[in-house]
Amino acid sequence: MNVGQFDYALPPALIAQFPAPERTASRLLAVPPYGGAPAAIRFGDIGGLLRPGDLLVANNTRVVPARLFAHKPTGGRVEIMLERILDGAAALVRLRANKPIRAGQTLTAGKTPLRVSARRGEFFVVERQDGAAMPALFESHGTLPLPPYIDRAVEEQDFERYQTVYSRVDGAVAAPTAGLHFDQALIDRLTATGVHWATVTLHVGAGTFQPVRAESAASHRMHREWIEVDRNACEQINRAKSRGNRVIAVGTTVVRALESAARSGQLAPFSGDTDLFILPGHRFRVVDALITNFHLPRSTLLMLVCAFAGHPNIMRAYDYAIAHRFRFYSYGDAMFAEHNPNPPLPGGL
């Protein structure tokens, strides 16, 4: 599969550097499932696209202060980006420094001694040498990990706006951004019209920002993320399906969580890691419609959306969004796409 088919040119001015003044003030691009012209509306008017009985499924992960700065014994600065906590005193991280980091090196964060104990591909294992809990170090010395394409320092508003209003479970290093457009008032209005709400958990890792650098998607090694789809969510989804109502994922992370929990062919409770890589040709078992932001070129998230709604359809929608000056990426605008069960594949796939 040619990764170049998922590339596009984005004017840098369209990369949103700040959130909209209000969560629901973003724009929403409604993409017809079988072609046709997209329609742009205000996100706060999403109720017009929903039906009584629809089930919205959201990711309740919460972003932790995952960016931490440490120093080498020589004084050189090292940026530590948390991927996940491994146990009480160790973490899997990305390291960035002027010179390569090697296993065995020591670092200091604040007054806490650290040791780089191993390398795992693009990641490193870092351990506290005082035996104390690693999460406490990030809580006390870490900062909010805004995405790399937001070219500014963290501001006070980010601590609220880079979290969903329904975030509950600590563990993400990036926000599930489709959910950033909902405020509690909108959720309440939708609920009052008969739209239902369920949650799952997927702790978004830093790998979500990594483009697929290989020309063949088959050569890409998908990053692993921790998910939990509990029995209550499964029961809500199965009831909606039995009634003939739609299951609508709030974000690609929800699609990945639900499709991972249904890998056996039937949705069932699941807790653990997933490395599911959703590409065109994937058979979707759970999700009927998707709310999602606009994703980076050559990214696994763009591939997932194309698999869900059809590559030609989504790439036309991206062209429309660029031409009409939609805002892109984490703090940008969103789209609403319905599942196309028989999407045409692009040439060369």
Can a donor-acceptor pair be found, under 3.5 Å and without considering hydrogens, that links the side chain of [X] to the backbone of [Y]?
X    : Y    : value
E122 : R94  : no
D158 : E155 : yes
R161 : A20  : yes
Q105 : R102 : yes
N60  : V169 : no
E338 : A309 : no
R23  : L180 : yes
N59  : L202 : yes
R189 : G47  : no
N340 : P33  : yes

field: Cation-pi, F18 ring and R152 (6.0 angstrom, 45 degrees)
entry: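 Judged by the rule, R152 and F18 form a cation-pi pair.
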
statement: Rounding to 0.5 Å, atoms CG (L296) and OG (S330) come to a distance of 8.0 Å

List the atom of [X], the atom of [Y], and the distance in Å for their closest heavy-atom pair.
X    : Y    : result
N245 : P52  : ND2-O, 3.9 Å
R246 : D54  : NH2-OD2, 2.7 Å
G205 : E83  : CA-OE2, 3.6 Å
V64  : G171 : CG1-N, 3.4 Å
C234 : P269 : SG-N, 3.5 Å
R128 : A133 : NH1-O, 2.7 Å

Residue from T24, N293, T164 passing side chain to side chain donor-acceptor pair (under 3.5 Å) with H181: N293

message: Name the residue from H203, R84, R256 that meets the side chain to side chain donor-acceptor pair (under 3.5 Å) definition with E225.
response: R256

message: For F6 together with H311, are the ring centres under 6.0 Å from each other?
response: yes

query: In terms of the angle between their ring planes, are Y149 and Y329 parallel, tilted or perpendicular, with boundaries placed at 30° and 60°?
result: tilted

task: Evaluate the ring planes of F284 and H282, with Trp represented by its six-membered ring, and classify them as parallel (under 30°), tilted (30 to 60°) or perpendicular (over 60°).
output: perpendicular

task: Any chance you could lay out the side-chain contact (heavy atoms from CB on, under 4.5 Å) test for L114 and I80, step after step, and finish with the verdict?
output: CA-CA 11 Å; L114 305 172; I80 301 175; 3.9 Å; yes

task: Indicate whether any N or O donor in one side chain lies under 3.5 Å from an N or O acceptor in the other, for H196 and Q236.
output: no

query: Do T108 and H71 have side-chain atoms, one donor and one acceptor, less than 3.5 Å apart?
result: no

message: Before you tell me yes or no, could you show the steps for E79 and L95 under side-chain contact (heavy atoms from CB on, under 4.5 Å), namely the whole-Å CA-CA distance, both residues' side-chain angles and the distance that decides it to 0.1 Å?
response: CA-CA 6 Å; E79 181 186 73; L95 298 177; over 6 Å; no

